[in-house]
Colleague: 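Have a look at this one.
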Amino acid sequence: MDHSADAHRTDLMTITRFVLNEQSKHPESRGDFTILLNNIVLGCKFVCSAVNKAGLAKLIGLAGETNVQGEEQKKLDVLSNEVFCKALISSGRTCILVSEEDEDAIFVEPKQRGKYCVVFDPLDGSSNIDCGVSIGTIFGIYMMKDNHEPVIEDALQPGKNMLAAGYCMYGSSCTFVITTGSGVNGFTLDPSLGEFILTHPDIKIPKKGKIYSVNEGNAKNWDGPTAAYVEKCKFPTDGSPAKFLRYIGSMVADVHRTLLYGGTFLYPADKKSPNGKLRVLYEVFPMSFLMEQAGGQAFTGKERALDLIPTKLHERSPIFLGSYDDIEEIKALYAAEAK
C-alpha cells in the first residue's frame, strides 16, 4: 500500500460530503438537517476524545448522582449529556431534546428553536467504561408534527416516523453508523484528519446469521418463546450447526456486530422486567430503524418494534432484532404460544 500517496488523498467520502450529496437530492432542502447532523457528529468527536483520555483525565468513576433510571451516573455520562445538549441546542435546528440522563424533555427556547426533535442516549453501556469495553451514543431524529408550539407529544411518535437514526461506537476505532431512511452507511474516524470517512457503504445484514446475543444470566426468568429460541440456537433439531453465543453487554457493540455479521440480538421481557429493560425512544427505535434499513427486522414479542406508540419518555420494551429469517423464527414461536 502506498502510504505516502494515501496521505494526500482528498477524494475521500467524508460524512460531511456524504450528507451534502444526500441534501442535493432534495432541491427543496434548506440545509437545516445537514447542520443538525454536523452538530451531532461534532458531539461524537468530542465524546470520542473524552473517552480516549478518560483514565488520564480522571473522567472514569461515579459522578455521585443517579439518573432518572436509578442508575449511578458516571462522570463521562454527565459530560456526554452536556456535550450533546449544547451541540444540539446551538445548532439552532432543534425544538425538543429527550435524553436518557434527564427526567424531563428539554424544550429549546424560541430564539434558538428549529423544527427537529432529537432523542438520544449520550453514553450507552457506560457501566463498561472502567473495563475498556466499547460504549456508544445512540440517537434518533423526528420532525415536528405541526407548525405549533412544541409539546411533549411531538417526542412521543412511533419509531416508523423517524427521519434518521444512528449510533457512534467508541471502541478500537470510532465508528459512526447512520440511516436517513435510504439504507445504512458506516463511517470510521480518521484521527489524523479529524474526519469520519465512509468505510462501510450500504450495510446489508445477512438474511440468516450464526450468532445469537442475549444475557443468559436472566434465563430462569424468560418466557416460553425466548427459552425455546435459545434452546434451538444451542441444540438445533434440524441437523444445522449450533449458533455461537456472543454477548458484550453494551447495546451499541452488540448491535454493531449483529448488523455486520448477522444473527440476533435479544433483550426480552422476563419475570424481573415484565416490560423489558431497554428504553423505547432512544434505544429500541433507533436500533430497530437501522436494522430494518439494513434488511433485517425488529420485533417486540407482540408487534413490529417501529409500530409502538410510546406514552412516556422513558418507556421500556422487550426487543428482538437482527437477520430477517432469524427474527421470523422468533415471531413464529410467539405466534404458536398465542394460539
Side-chain angles (χ1 to χ4, degrees), residues 32-33 36-37 39-40 43 67-71 77 80-81 84-85 87-89 91-110 112-124 137-167 178-181 251-252 255 267-269 273-293 297-321:
D32 289 349
F33 186 72
L36 173 59
L37 226 41
N39 278 48
I40 290 173
N67 66 9
V68 61
Q69 314 302 333
E71 300 161 338
D77 279 357
S80 302
N81 194 43
F84 279 103
C85 286
L88 291 165
I89 291 170
S91 75
R93 301 301 184 275
T94 58
C95 55
I96 307 173
L97 309 180
V98 178
S99 167
E100 188 215 16
E101 299 297 331
D102 297 318
E103 185 166 1
D104 299 317
I106 296 169
F107 289 90
V108 179
E109 58 185 61
Q112 287 185 292
R113 192 175 288 166
K115 58 185 177 181
Y116 295 106
C117 166
V118 182
V119 294
F120 61 101
D121 185 345
L123 206 60
D124 184 73
T137 298
I138 308 172
F139 66 90
I141 302 172
Y142 291 100
M143 177 84 79
M144 277 275 287
K145 281 181 179 174
D146 297 299
N147 194 14
H148 60 70
E149 196 68 17
V151 290
I152 201 71
E153 285 71 29
D154 290 312
L156 298 174
Q157 299 185 52
K160 63 186 177 187
N161 291 1
M162 273 187 175
L163 289 184
Y167 59 81
I178 185 168
T179 178
T180 54
M251 188 188 191
V252 169
V255 170
Y267 215 119
S273 306
N275 297 318
K277 191 134 184 244
L278 297 177
R279 272 68 62 141
V280 171
L281 276 180
Y282 40 79
E283 290 174 328
V284 171
F285 279 169
M287 293 309 202
S288 298
F289 190 30
L290 282 162
M291 201 56 73
E292 284 198 6
Q293 285 294 316
Q297 292 195 81
F299 178 61
T300 66
K302 293 179 181 173
E303 62 186 316
R304 175 190 177 213
L306 293 178
D307 287 339
L308 268 176
I309 301 174
T311 56
K312 296 182 299 205
L313 290 182
H314 302 288
E315 193 169 313
R316 299 172 190 256
S317 171
I319 187 65
F320 304 85
L321 48 81

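Here the structure is a predicted model, which is why all the values come from computation and not from measurement.
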Colleague: Are the side chains of Ile141 and Phe33 in touch, meaning some heavy atoms are under 4.5 Å apart?
Modeller: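 A side-chain contact under 4.5 Å exists here.
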
Colleague: Which value, rounded to the nearest 0.5 Å, describes the distance between Tyr142 atom OH and Cys95 atom SG?
Modeller: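 Output value for this atom pair is 13.0 Å.
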
Colleague: Where do Asn161 and Phe285 land on the side chain to side chain contact (heavy atoms under 4.5 Å, CB included) test, with the steps shown first?
Modeller: CA-CA 10 Å; Asn161 291 1; Phe285 279 169; over 6 Å; no

Colleague: Tell me if a side-chain donor or acceptor on Glu315 pairs with a main-chain N or O of Lys312 at a distance below 3.5 Å.
Modeller: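 Side chain of Glu315 to backbone of Lys312, a donor-acceptor pair under 3.5 Å: yes, one is there.
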
Colleague: So with a 6.0 Å cut-off around CD1 of Ile152, is the heavy-atom count from everything else above 12?
Modeller: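 Check passes, neighbour count above 12.
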
Colleague: May I ask you to decide if Ile96's main-chain N or O and Thr94's side chain share a donor-acceptor pair within less than 3.5 Å?
Modeller: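 Between the backbone of Ile96 and the side chain of Thr94 there is no qualifying donor-acceptor contact (under 3.5 Å).
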
Colleague: Check each of Ile106, Asp104, Val98 against Asp102 using the side chain to side chain contact (heavy atoms under 4.5 Å, CB included) test, and report the only one that passes.
Modeller: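 Running side chain to side chain contact (heavy atoms under 4.5 Å, CB included) over Ile106, Asp104, Val98 with Asp102 returns exactly one hit, Ile106.
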
Colleague: Look at the side chain of Thr137 and the backbone N and O of Tyr167, then say whether any donor-acceptor pair between them is shorter than 3.5 Å.
Modeller: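 Looks like no, no N/O pair under 3.5 Å.
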
Colleague: CE of Met251 to CD1 of Ile319: how many Å apart, nearest 0.5 Å?
Modeller: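 Interatomic distance, Met251 CE to Ile319 CD1, rounded to 0.5 Å: 7.0 Å.
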
Colleague: Hey, does the side chain of Glu292 reach the backbone of Lys160 with a donor-acceptor pair shorter than 3.5 angstrom?
Modeller: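 No; zero donor-acceptor contacts below 3.5 Å.
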
Colleague: Within this structure, what is the OG1-CZ distance for the pair Thr179 and Phe289, rounded to the nearest 0.5 Å?
Modeller: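 Interatomic distance, Thr179 OG1 to Phe289 CZ, rounded to 0.5 Å: 4.5 Å.
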
Colleague: Would you say that Leu88 contacts Leu36 through its side chain, given a criterion of any heavy-atom pair below 4.5 Å between the two side chains?
Modeller: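 SC-SC contact between Leu88 and Leu36 confirmed.
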
Colleague: Between Asp154 and Met144, is there a donor-acceptor pair closer than 3.5 Å when you use the side chain of the first and the backbone of the second?
Modeller: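 Absent.
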
Colleague: Judged by atom type as modelled, is there a donor-acceptor pair below 3.5 Å linking the side chain of His314 to the main-chain atoms of Arg279?
Modeller: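 No; judged by distance alone, with no hydrogens or angles, the pair does not exist.
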
Colleague: Would you say Arg316 and Lys277 make side-chain contact, with heavy atoms under 4.5 Å?
Modeller: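 Answer yes - side chains close enough.
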
Colleague: If you define the side chain from C-beta out and look only at heavy atoms, does anything of Phe120 sit under 4.5 Å from Asn81?
Modeller: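 With C-beta onward as the side chain, the pair touches.
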
Colleague: Once rounded to the nearest 0.5 Å, what's the spacing between atom CE of Met287 and atom CG of Asp124?
Modeller: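 Going from the CE atom of Met287 to the CG atom of Asp124 covers 6.5 Å.
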
Colleague: Would a distance-only check, ignoring hydrogens and angles, find a side-chain to backbone donor-acceptor pair under 3.5 Å from Arg113 to Val108?
Modeller: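 Yes, because the side chain of Arg113 sits within donor-acceptor range (under 3.5 Å) of the backbone of Val108.
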
Colleague: For Pro286, give me all partners under side chain to side chain contact (heavy atoms under 4.5 Å, CB included), at least two apart in sequence or on another chain.
Modeller: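 For Pro286, the residues satisfying side chain to side chain contact (heavy atoms under 4.5 Å, CB included) (neighbours in sequence not counted) are Ile138, Met162, Ala165.
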
Colleague: Any side-chain heavy atom of Pro158 sitting closer than 4.5 Å to one from Asp307?
Modeller: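 No, side chains not in contact.
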
